[in-house]
2 protein chains.
Amino acid sequence: MNDDRMGAIAEYVRAHGEVRIDTLTNHFGVSRMTIHRHIERLAQQGVLRKLHGAVTAQPSSIYESLYAYRAQSEPEVKAALARAALSEITPGQAVALDDSTTATALGPLLAQAAPLSVITNSLALMQTLASVDDIALIAVGGDYAPTYNAFIGPGAEDALARLRVNVAICSASGIADGAALVQDGLVTRAKAAMLDAAERRVLLAASPKFGRIALNKLAPLSSFDAVYTDSRLADATARSLRDAGVALHIVEIS
Amino acid sequence: MNDDRMGAIAEYVRAHGEVRIDTLTNHFGVSRMTIHRHIERLAQQGVLRKLHGAVTAQPSSIYESLYAYRAQSEPEVKAALARAALSEITPGQAVALDDSTTATALGPLLAQAAPLSVITNSLALMQTLASVDDIALIAVGGDYAPTYNAFIGPGAEDALARLRVNVAICSASGIADGAALVQDGLVTRAKAAMLDAAERRVLLAASPKFGRIALNKLAPLSSFDAVYTDSRLADATARSLRDAGVALHIVEIS
DNA sequence: TGTTTGTAACATAACGGAGCGATAAATTCA
DNA sequence: TGAATTTATCGCTCCGTTATGTTACAAACA
């Protein structure tokens, strides 16, 4: 598929609410079949809903937590945050990484900090790190959640309770009232277990997450030893967070 | 790489013990660079050892347990055993699969028996099954062992102790004195934990494994509810096993 | 029932990646 | 130090994959 066009279709449909398929074929100048293939995949991912001859957008709250969607949103920001997170890691340490796509972006960079022990419940990270020499991969098992491409549930929590690491690097769905928030309850517990196992806690959060809410409270921002975000964060917000004792680090997007 | 030629090189070196690189370039009619690339990879896999201008074979006991080697040996036999194992599985059950390459061959077939819950410590199986709808994947975490492409160690054992499944399907490195044997100690414990968690235990073992020894004793053959092997097994062996109370099933290789 | 819309199957074109060789630089051995 | 060997890098070619369009047919609508 053409991912750019797929994204554009999603945008277009979200902007218009409901769109006829003919409109899409004209607008993008491709065949009807191609549009069909694209919207079929988007519907599978849960981004759109198919009607007869038209498509409608899903309520945004639903698909924003989808792995497939998150994986391709704002890759430059993720890359920048991942690079910053690398500075938190020293060769020889044990590092825990959660199932966030930002942490996934960190995977390929970890070889630079080898040797390391890496603990994760993210299947994507396992695949990336399995083949890397000098990285001891320790998997957290549990029930597989396709939505997050990760293992969660009581099994994951128990497995994490057995471990102790130098650093945990996590992300969150939103940040409000000085706390990191997560949409899914089981994911929250897994992240919390990861943080509990860590000597040092690092939060990676793209700036749009500030002010966005999610269902479950993970931990107060002040409980993190470092919080990284990008430079689009409003100055006033940054200042008030720092005043509240948050170790906020601003990363330039390159 | 050209896997056929890689295999041929491995064969050739094993047959001759030590071989000059020039000899290989002549014998295979490719450039020296290509030979270098191939033996470099084989050396990484632990199949060969590189000297200056020559390569030597590793003692066979070492590389026979390597995942990369096992993965491509006797694929038809594995496929036949996997197909047979499928008959042990009923839709709706919880199934545990170990890190054996035979179980890996079973992966793509499992969709036919969906819905299922599949428990495994094999990374290859996780990748295969993650994308299958109607299969609930439950991962066993632990320390990643590149040699087996699986997760083992105390973490894996604890995780398995939490679970209870209908069927466990395992393989072994060798079979002697009426018991299934496994080369690696930690793998043995993981397999044992898997068997302990199962109501019904199934062993898959290609016929050459009978009579071959390995370091650790996994379980007596009679403790398995079914043992599948291929039709090359000597009749006398089959008879004596059956007399000893082993539920032996012979599978035709197609 | 006719028209529109969805699905399936096949052909083709484009892209990316893998394998390979040639050459040059670096390393090792004697 | 000189020769042999190994590594690194570049570019070429070939193959497989993927995206796309075309066509034909099935299903849904009105």
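Proteins get letters first, then strands, A, B, ... in listed order; numbering begins at 1 in each.
With respect to B/Glu40 and B/Arg37, no salt bridge is recorded, no charged nitrogen being found less than 4.0 Å from a carboxylate O.
Residues passing the side chain to side chain contact (heavy atoms under 4.5 Å, CB included) test with A/Arg20, sequence neighbours excluded: A/Thr23, A/Ala54. Every side chain to side chain donor-acceptor pair (under 3.5 Å) that A/Asp184 has, sequence neighbours left out, goes to A/Tyr148.
Residues A/Gln183 and A/Ser173 share a closest heavy-atom pair of N-OG, 3.2 Å.
Remark: P of D/dG21 and CZ of A/Phe28 are 13 Å apart, rounded to the nearest angstrom.
Looking only at side-chain heavy atoms (C-beta outward), A/Leu24 and A/His38 stay at 4.5 Å or farther from each other.
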**Study point:** Base versus backbone protein contacts along nucleotides 5-12 of chain C [heavy-atom cut-off under 4.0 Å; B, S, -]
**Key:** SBBB----
